[in-house]
Amino acid sequence: MSEWFDETLHDAYHQGFQVSEVLFESKTEHQHLIIFESGSFGRVMALDGIIQTTERDEFIYHEMLAHTPLFAHGNAKNVLIIGGGDGGLLREVLKHSEVEHVVQVEIDQAVIDMCVKYLPNHSAGAYDNPRAKIVIGDGIDFVTQCDRQFDVILSDSTDPIGPGEVLFTSPFYQGIQRCLKPGGIFAAQNGVAFMQPDEVSTTHQRLSPLFADTAFYAAAVPTYIGGVMTFAWASNSGTAREQDLATLTSRFVDSGIKTRYYNPALHIGAFALPQYLVEIL
Ligand code: AG3
């Protein structure tokens with residue numbers, strides 16, 4: 001009889017993965033962590049029973065969370081990542097040669113260590129890159145206390161349950177505002193809108209009083225089940241989001257960055273939302 005991993009995120013609806021081997025499972029200082037080999041999506045990592053990343057579809061999420069704000073900005077030298085312990089986002093951010101320094105604030109050292117070991121293609125050496133500095137700590141403490149500002153801030157958190165909950169609150173977003181340079185952009189994972197519509201409306205209500213521009217963009221990531229994953233976007237520049245196709249295309253081509261999902265046309269199209277979301281904003 002084979003073993004299955006059933007995700008526990010949604011009520012009365014779930015996805016299951018056939019597990020061919022459990023590579024690591026433990027309660028860390030902050031959460032339950034499991035990494036297993038699946039029959040369908042390669043290696044899979046889950047925190048507190050919720051799928052975080054799989055080898056097969058992680059590129060969609062990490063490329064969209066990194067490249068959409070970075071190409072819209074065009075000259076981000078300092079980037080802050082909150083969360084993202086598996087290293088996939090750091091890997092994508094470091095592909096931008098204009099990025100001089102990345103600070104990553106991850107609460108759980110065990111997630112970094114175990115992902116370097118069991119999901120090596122996620123970080124792909126990014127943690128050894130001299131442009132990257134890792135801080136072990138809570139993202140909300142960092143953004144409320146830090147004395148420097150960033151061009152782009154990315155929140156690669158869990159859902160607003162457990163340690164990730166504070167990363168969806170007004171005090172956190174106020175911290176983001178104080179850490180963002182003029183013209184800066186904040187982007188954050190914001191759940192699967194069809195399944196978690198309150199997250200979209202709540203985040204919108206909390207971000208829009210603080211920033212000149214608040215928006216959402218979307219991409220379908222198969223293992224974040226139930227429809228498209230949405231990303232929140234906030235900027236103290238009213239125009240950062242409105243880069244046209246020609247500008248984005250020249251930045252993308254000049255960068256030489258090879259992607260499997262992101263491209264400039266998709267970047268622009270990702271901000272077009274279905275009517276049921278437009279109406280709750
Ligand atoms: N963090 C976002 C996982 C969100 C899962 N939520 C959901 N399916 N609604 C992913 C971490 C990858 N670096």
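Contact record, Glu7 with Ile51: OE2-N, 2.9 Å, taken as the closest heavy-atom pair. What you find for Gly85 and Gln104 is that their closest heavy atoms are N-NE2, 3.7 Å. The two residues Phe17 and Ser40 come nearest to each other via the heavy atoms CD2-OG, 3.9 Å. Here the closest non-hydrogen pair linking Asp244 and Ile268 is C-CD1, 4.0 Å. For the residue pair Asn236 and Pro182, the shortest heavy atom distance occurs at OD1-C, 3.7 Å. Across all their heavy atoms, Leu65 and Leu154 have their closest contact at O-CD2, 3.4 Å.
At a threshold of 4.5 Å between non-hydrogen side-chain atoms, the residues Ile140 and Pro171 count as touching. Looking at Asp159 and Phe168, their side chains never come closer than 4.5 Å, going by heavy atoms from C-beta outward. Using a 4.5 Å cut-off on side-chain heavy atoms (C-beta onward), Thr169 and Glu165 make no contact. Put simply, the side chain of Asp48 does not reach to within 4.5 Å of the side chain of Thr158, judged on heavy atoms. Counting only heavy atoms from C-beta outward, the side chains of Val19 and Trp4 never approach each other to under 4.5 Å. Two residues are said to be in side-chain contact when any heavy atoms from C-beta on lie closer than 4.5 Å; Pro160 and Glu199 meet this criterion. When side chains are defined from C-beta on, Thr214 does not count as touching Trp233, because their heavy atoms never get closer than 4.5 Å. Side-chain contact check for Thr249 versus Pro264: some heavy-atom pair is nearer than 4.5 Å.
Between the His10 side chain and the Tyr13 main chain, no donor and acceptor come within less than 3.5 Å of each other. Side-chain atoms of Asn263 come within 3.5 Å of backbone atoms of Leu266 as a donor-acceptor pair (strictly under, hydrogens ignored). Between the Arg178 side chain and the Thr144 main chain, a donor and an acceptor come within less than 3.5 Å of each other. Side-chain atoms of Thr28 come within 3.5 Å of backbone atoms of Gln31 as a donor-acceptor pair (strictly under, hydrogens ignored). With hydrogens and angles ignored, the 3.5 Å screen pairs a side-chain donor or acceptor of Thr230 with a backbone N or O of Gly191. Side chain of Gln15 to backbone of Thr223: a donor-acceptor contact under 3.5 angstrom is found. At least one donor-acceptor pair under 3.5 Å links the side chain of Tyr217 to the backbone N or O of Met64. Within the 3.5 Å criterion, the main-chain N or O of Asp198 finds a donor-acceptor partner in the side chain of Ser201. In terms of modelled atom types and a separation under 3.5 Å, the side chain of Gln243 and the main chain of Leu248 share no donor-acceptor contact. Checked by atom type and distance alone, the side chain of Gln205 never pairs as donor or acceptor with a backbone atom of Leu207 at under 3.5 Å.
Between Phe150 and Phe142, the ring-plane angle classifies as tilted under the 30° and 60° cut-offs. In this structure, Phe216 and His204 have tilted ring planes: the angle between them lies in the 30° to 60° band. Between His122 and His62, the ring-plane angle classifies as perpendicular under the 30° and 60° cut-offs.
Partner His67 forms a side chain to side chain donor-acceptor pair (under 3.5 Å) with one of Lys95, His96, Arg251 and no other, that one being His96. Tyr224 pairs in a ring pair (Phe, Tyr, Trp, His ring centres under 6.0 Å) with only one of the listed residues (Phe231, Tyr61, Phe194), which is Tyr61.
A donor atom on one side chain and an acceptor atom on the other are found under 3.5 Å apart for Asp57 and Thr54. In this model, no donor atom of one side chain and acceptor atom of the other lie less than 3.5 Å apart for Ser235 and Asp213. Between the side chains of Asp86 and Thr53, no donor N or O sits under 3.5 Å from an acceptor N or O.
Atoms OG and CG, from Ser237 and Leu180 in turn, are 10.0 Å apart once rounded to the nearest 0.5 Å. Of the inter-residue distances, the one linking Arg241 atom CZ with Thr68 atom OG1 reads 12.5 Å to the nearest 0.5 angstrom. Distance check, rounded to the nearest 0.5 Å: CG of Asn129 to OG of Ser123 gives 11.5 Å. Atom OG of Ser170 is separated from atom CD1 of Ile176 by 12.0 Å, given to the nearest 0.5 angstrom. Taken from CD in Glu29 to CG in Leu33, the straight-line distance is 13.0 Å, to the nearest 0.5 Å. Atom-to-atom distance recorded for Glu55:CD and Ser38:OG is 8.5 Å, nearest 0.5 angstrom.
Note on Val102 and Val135: separate hydrophobic clusters, where clusters join Ile, Leu, Val, Met, Phe, Trp and Tyr whose side-chain heavy atoms are under 4.5 Å apart, directly or indirectly. Note on Val228 and Ile50: separate hydrophobic clusters, where clusters join Ile, Leu, Val, Met, Phe, Trp and Tyr whose side-chain heavy atoms are under 4.5 Å apart, directly or indirectly. Tyr127 and Ile107 are members of different hydrophobic clusters when ILVMFWY side chains are connected at heavy-atom separations under 4.5 Å. In the hydrophobic clustering of this structure, Val79 groups with Leu90; members are Ile, Leu, Val, Met, Phe, Trp, Tyr whose side-chain heavy atoms approach within less than 4.5 Å, directly or through other members. The hydrophobic cluster containing Ile136 does not contain Leu167, counting ILVMFWY residues as joined when their side-chain heavy atoms lie under 4.5 angstrom apart, directly or transitively.
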Practice task
Assess whether side chain to side chain contact (heavy atoms under 4.5 Å, CB included) is satisfied between Ile225 and Val192, documenting all intermediate values.
Solution key: CA-CA 7 Å; Ile225 44 157; Val192 172; over 6 Å; no
Exercise for the section: For side chain to side chain contact (heavy atoms under 4.5 Å, CB included), just list the numbers for Arg131 and His101, CA-CA rounded to whole Å, side-chain angles, deciding distance to a tenth of an Å, and then say yes or no. Expected result: CA-CA 5 Å; Arg131 291 185 287 150; His101 303 286; 5.8 Å; no
Exercise for the section: Walk me through it: do Tyr262 and His267 pass the test ring-ring contact (aromatic ring centres under 6.0 Å, His included)? Expected result: CA-CA 7 Å; Tyr262 175 93; His267 173 142; 5.7 Å; yes
Practice task
Evaluate the side chain to side chain contact (heavy atoms under 4.5 Å, CB included) criterion for residues Arg148 and Cys179: first the C-alpha distance (whole Å), next the side-chain angles of each, then the deciding distance (0.1 Å), finally the verdict.
Solution key: CA-CA 6 Å; Arg148 53 188 282 208; Cys179 293; over 6 Å; no
Exercise for the section: Check step by step if side chain to side chain contact (heavy atoms under 4.5 Å, CB included) holds for Phe71 and Ser255. Expected result: CA-CA 9 Å; Phe71 281 120; Ser255 76; 3.5 Å; yes
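Environment of CG in Asp254: crowded, with over 12 heavy atoms of neighbouring residues, nucleotides or ligands closer than 6.0 Å. Summarising the local packing, CD of Gln275 is surrounded by more than 12 heavy atoms from other residues, nucleotides or ligands at distances under 6.0 Å.
Between Asp151 and Lys77 there is no salt bridge, since no side-chain nitrogen of the basic residue lies less than 4.0 Å from a carboxylate oxygen of the acidic one. A salt bridge links Arg91 to Glu58: one of the charged nitrogens lies within less than 4.0 Å of a carboxylate oxygen.
Taking the ring centre of Phe59 as origin, the terminal cationic atom of Arg260 falls inside the region bounded by 6.0 Å and 45° from the ring axis. Both tests hold for Arg56 against Phe41: distance to the six-membered ring centre under 6.0 Å, angle to the ring axis within 45°.
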